[in-house]
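Keep in mind it's a predicted model, so treat the numbers as computed, not measured.
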Amino acid sequence: MGQKEKLIERLKSKPKTFTFDDAESLLRYFAYERSNKGRTMFVSEEHPPIMMHRPHPRKELLEYQVKQLIQILEQEGLL
């Protein structure tokens with residue numbers, strides 16, 4: 001199992017330890033790039049943009065952020 005598949009499996013299990021960096025790595029596999037024009041947004045030529053608040057001071061995403069990310073990726077047929 002490759003890194004992409006491992007990240008997908010972790011995301012689907014809705015862990016409390018899924019970090020912003022994990023999300024960014026996963027989104028790169030789906031041709032998204034981070035754009036820091038104002039808010040943190042991930043853009044792709046193939047898919048609609050994903051806006052995501054970067055958590056601070058912690059690194060882990062909040063539960064609602066993980067659920068939203070799963071929902072968006074499922075809607076786009078990426079999961």
Student: Would you list the pairs meeting ring pair (Phe, Tyr, Trp, His ring centres under 6.0 Å) in which at least one residue belongs to residues 60-79, sequence neighbours left out?
Tutor: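 Pairs touching residues 60-79 that pass the test: none.
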
Student: Give every residue pair that meets the ring pair (Phe, Tyr, Trp, His ring centres under 6.0 Å) criterion with at least one member in residues 1-29, sequence neighbours excluded.
Tutor: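 For residues 1-29: Phe20-Phe42.
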
Student: What pairs with Glu45 under side-chain contact (heavy atoms from CB on, under 4.5 Å), at least two apart in sequence or on another chain?
Tutor: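 For Glu45, no residue satisfies side-chain contact (heavy atoms from CB on, under 4.5 Å) once neighbours in sequence are set aside.
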
Student: Got a donor-acceptor contact below 3.5 angstrom from the Gln65 side chain to the Met52 backbone?
Tutor: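 Checked: no pair found.
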
Student: Quick one: do Val43 and Ile50 end up in the same hydrophobic cluster if we chain Ile, Leu, Val, Met, Phe, Trp and Tyr together by side-chain heavy atoms under 4.5 Å apart?
Tutor: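 No, it is not one cluster - the side chains of Val43 and Ile50 are not joined through contacts under 4.5 Å.
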
Student: So, for Ala23 and Leu61, which heavy atoms are closest and what is the spacing to 0.1 Å?
Tutor: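 Result for this residue pair: CB-CD1, 4.0 Å.
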
Student: I'd like to check Glu46 versus Phe30 (side-chain heavy atoms, cut-off strictly below 4.5 Å). Are they in contact?
Tutor: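 Contact flag for Glu46/Phe30 side chains = no.
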
Student: Would you mind listing every salt bridge (charged side-chain N to carboxylate O under 4.0 Å, His left out) that reaches into residues 9-27, with sequence neighbours excluded?
Tutor: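 Salt bridge (charged side-chain N to carboxylate O under 4.0 Å, His left out) check on residues 9-27 returns Arg10-Asp22, Asp21-Arg54, Glu24-Arg28, Glu24-Arg34.
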
Student: Determine all donor-acceptor pairs shorter than 3.5 Å in which one atom belongs to a side chain in residues 68-79; sequence neighbours excluded.
Tutor:
from  : atom 1 : to    : atom 2 : distance (Å)
Glu76 : OE1    : His47 : ND1    : 3.3

Student: Can you pull out every salt bridge (charged side-chain N to carboxylate O under 4.0 Å, His left out) where at least one residue sits in residues 57-67? Sequence neighbours excluded, please.
Tutor: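 Those involving residues 57-67 are Glu63-Lys67.
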
